[in-house]
Amino acid sequence: MKKTYSNPASITVGVVGYGGAFNMGRQHLKEMQAAGMTPTAVVEIDPARLAVAREDFPGIETYGSVDEMLAKSSVELVTVITPHNTHAALGLQIAAAGRHCVLEKPMAVTTAECDAMIAAAEAAGVVVSTYHNRHWDGWILKANELFKAGVLGDIVRIDLRMGTHSRPGDWWRSSRSISGGVLYDWGVHLLEYSLQLITSPVTEVSGYAWNGYWAAQPDSKWGADTNEDEAQATVRFASGQRVNLIVTHLDAAAERGFMKIVGTKATHLIEWPGAETTTGKGDGKFTTERAPNPKSEGHKFYENIVAHLTKGEALIITGEWARRPIHILDVAAQSAKAGRALPVKYA
Ligand SMILES: NC(=O)c1ccc[n+]([C@@H]2O[C@H](COP(=O)([O-])OP(=O)(O)OC[C@H]3O[C@@H](n4cnc5c(N)ncnc54)[C@H](O)[C@@H]3O)[C@@H](O)[C@H]2O)c1
């Protein structure tokens, strides 16, 4: 039985990680507050960032470790906003302590880690979810609308790509052991978009990876632990549909757009400022309609969490949903190592 609440304000909330790269800790607490919940606690191992949290939210409880927070605070829901390789241990600890837990994306690095957190949350009667705020990005809302209206026809394949010829940054995102690999940052968002449009079960994943070019550069921050220079996951669905995800630091002549949906009636290409839908009739002539991307509605993530905890509305980003892209990436990494496609039993 999950714990429920009579009103949003009675849900006290905290974050683990108040990093400076994108000020995500502040963004989360502000969004949680806007959804009606009560910012209560911040955990950070960096005292300078804890000081920023105290300035942003005067009077908020601050802690140097999750252990200390769990021992001293009654906070009810905790969001983990730390580097990827730390998500699972922190999530397990929070759920086992009977607190609802949201993980920033990616939920974790391996399928086993996701399964362990889902089981721990189930046992403790709490929610485990992942902050897939981009589930509500304007461009994917629009693509879903076009698909449902029949404009695209049946979806045949989705091509997802990010990156160009570029030196990996010095931040932890470029470390394979910390980030999980080059596909784990944007790749998780891109796969999550695609799984909204292709609902058939995944049957097979083929992973490819190229390593060593950037790792061998004299100014390489992470050396042998540098992410893959380029990696790819090709996902086969029971329906015959496929998704092809590439994240690269090598391609000096990258194609336009980051998501191309090829349908039987039209191809929809999404770029940062807008998207274009190109329709053909089989006679070699094409019509292209361009439109700016609609506004994103990422605030709906915490609104849904609140509606779930106060009114029992269905949770949109369940642990099982967030596990799907991780399972694809986990199998893709194993496949790249094995040098062959691997079957997928449940995803
Ligand atoms: N959904 C999105 O659009 C979006 C955008 C940016 C980042 N993210 C995700 O947010 C997470 C964090 O990324 P970031 O850019 O904020 O990183 P960051 O490096 O700016 O911040 C991470 C913070 O976590 C702290 N930290 C690390 N281990 C800790 C621990 N055990 N306890 C407490 N604090 C700890 C660090 O001191 C650091 O301040 C990642 O999972 C990333 O993918 C998501």
Side-chain angles (χ1 to χ4, degrees), residues 14-32 41-54 56 60-71 73 75 78-94 97 99 101-110 113-114 117 129-140 162 168-193 221-222 227 247 258 272 296-302 305 316-317 321-322 325-326 329:
V15 295
V16 181
Y18 205 83
F22 299 97
N23 266 317
M24 292 305 287
R26 177 159 57 214
Q27 174 175 322
H28 277 266
L29 286 173
K30 290 277 181 205
E31 279 186 15
M32 290 155 137
V42 176
V43 181
E44 241 305 336
I45 52 176
D46 176 355
R49 293 302 304 170
L50 269 188
V52 175
R54 278 191 288 268
D56 291 344
I60 199 155
E61 301 166 18
T62 52
Y63 303 101
S65 73
V66 170
D67 282 337
E68 191 191 352
M69 178 192 69
L70 292 173
S73 177
V75 63
V78 180
T79 296
V80 174
I81 320 171
T82 57
H84 304 167
N85 64 332
T86 65
H87 288 187
L90 294 169
L92 275 173
Q93 200 184 347
I94 291 161
R99 320 295 172 96
C101 181
V102 174
L103 289 313
E104 251 294 359
K105 51 52 61 175
M107 183 177 184
V109 175
T110 68
E113 290 173 342
C114 297
M117 284 191 280
S129 180
T130 293
Y131 184 70
H132 271 299
N133 58 331
R134 292 189 171 279
H135 182 86
W136 291 269
D137 272 344
W139 43 71
I140 193 64
M162 260 311 145
D170 283 346
W171 53 2
W172 59 258
R173 279 176 171 73
S174 307
S175 152
R176 177 128 194 202
S177 59
I178 302 176
S179 73
V182 75
L183 296 178
Y184 273 83
D185 191 7
W186 257 96
V188 169
H189 290 304
L190 296 170
L191 286 175
E192 200 269 342
Y193 292 154
K221 155 104 176 174
W222 299 102
N227 277 348
V247 179
F258 57 85
W272 295 116
S296 296
E297 299 173 14
H299 55 89
K300 289 196 172 159
F301 174 81
Y302 280 120
I305 294 272
I316 296 173
I317 310 295
W321 175 255
I326 305 308
L329 295 184

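When a ligand or atom number is given, it counts from 1 through the structure's own listing order. The basis for the numbers below is simple: all heavy atoms, side chains too, and nothing from hydrogens, waters or symmetry mates. Here the structure is a predicted model, which means the values were calculated and not measured.
The closest heavy-atom contact to atom 7 (C) of ligand 1, among the options H189, H132, R173, comes from R173. Remark: among candidates I81, D185, D46, L103, the nearest residue to atom 22 (C) of ligand 1 is I81, based on non-hydrogen atoms. Atom 3 (O) of ligand 1 has its nearest heavy-atom neighbour, among N133, I178, T79, D137, in N133. Taking each of W172, Y131, F22, W186 in turn, the one with a heavy atom nearest to atom 13 (O) of ligand 1 proves to be W172. With T82, V16, L90 as candidates, the residue nearest to atom 26 (N) of ligand 1 on a non-hydrogen basis is T82. Between R134, H28, E104, it is E104 that holds the heavy atom closest to atom 8 (N) of ligand 1.
The shortest N or O to N or O distance between A21 and ligand 1 is below 3.5 Å. Any N or O atom pair closer than 3.5 Å counts here, and Y18 shares no such pair with ligand 1. For ligand 1, none of its N or O atoms has an N or O atom of R49 under 3.5 Å away.
The aromatic rings of H28 and Y131 are tilted relative to each other, their planes meeting at an angle between 30° and 60°. The aromatic rings of W272 and W139 sit perpendicular to each other, their planes meeting at more than 60°, with 30° as the lower class boundary. Ring pair W186/F258 is tilted by interplanar angle, where 30° to 60° counts as tilted.
Taking every heavy atom of both residues into account, E44 and G19 meet most closely at OE2-N, 3.6 Å. Heavy-atom minimum distance, I94 versus V16: CD1-CG2, 4.2 Å. When all heavy atoms of L103 and H87 are compared, the pair lying nearest together is CD1-O, 3.7 Å.
For ligand 1, the atoms sitting less than 4.0 Å from at least one non-hydrogen atom of H84 are 40 (C), 41 (O), 42 (C), 43 (O), numbered in the order shown with element in parentheses. Short contacts between ligand 1 and G20, defined as distances under 4.0 Å to a heavy atom of the residue, involve ligand atoms 20 (O). Distances below 4.0 Å separate heavy atoms of G17 from the following atoms of ligand 1: 24 (O), 34 (N).
Ranking protein heavy atoms by distance to atom 5 (C) of ligand 1, first place goes to M24 CE, 3.5 Å. Of all protein heavy atoms, the one closest to atom 41 (O) of ligand 1 is K105 O, 2.9 Å. Scanning the protein heavy atoms around atom 37 (O) of ligand 1, the nearest turns out to be E44 OE1, 2.9 Å. Counting only heavy atoms of the protein, atom 30 (C) of ligand 1 lies nearest to I45 CG2, 3.9 Å. Among protein heavy atoms, the minimum distance from atom 21 (O) of ligand 1 is reached at G19 CA, 3.2 Å.
A 4.5 Å side-chain heavy-atom check between V75 and Y63 finds every atom pair outside the cut-off.
At distances below 3.5 Å, at least one donor-acceptor pair connects side-chain atoms of E113 with backbone N or O atoms of V109.
Residue contact annotation: T86 has no non-hydrogen atom under 4.0 Å from ligand 1. Residue contacts with ligand 1: H87 is included, with a non-hydrogen atom under 4.0 Å away.
A distance below 6.0 Å separates the ring centres of W172 and H84.
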Is there a side-chain hydrogen bond (donor to acceptor under 3.5 Å, both in side chains) between S174 and N227? Walk through the geometry before answering. CA-CA 5 Å; S174 307; N227 277 348; 5.4 Å; no
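Partners of D185 according to the salt bridge (Lys or Arg N to Asp or Glu O under 4.0 Å) rule, which considers only residues two or more places apart in sequence or in another chain, are K105, R173.
Residue pairs satisfying the salt bridge (charged side-chain N to carboxylate O under 4.0 Å, His left out) criterion with at least one member in residues 18-29, sequence neighbours excluded, are listed as follows: R26-D56.
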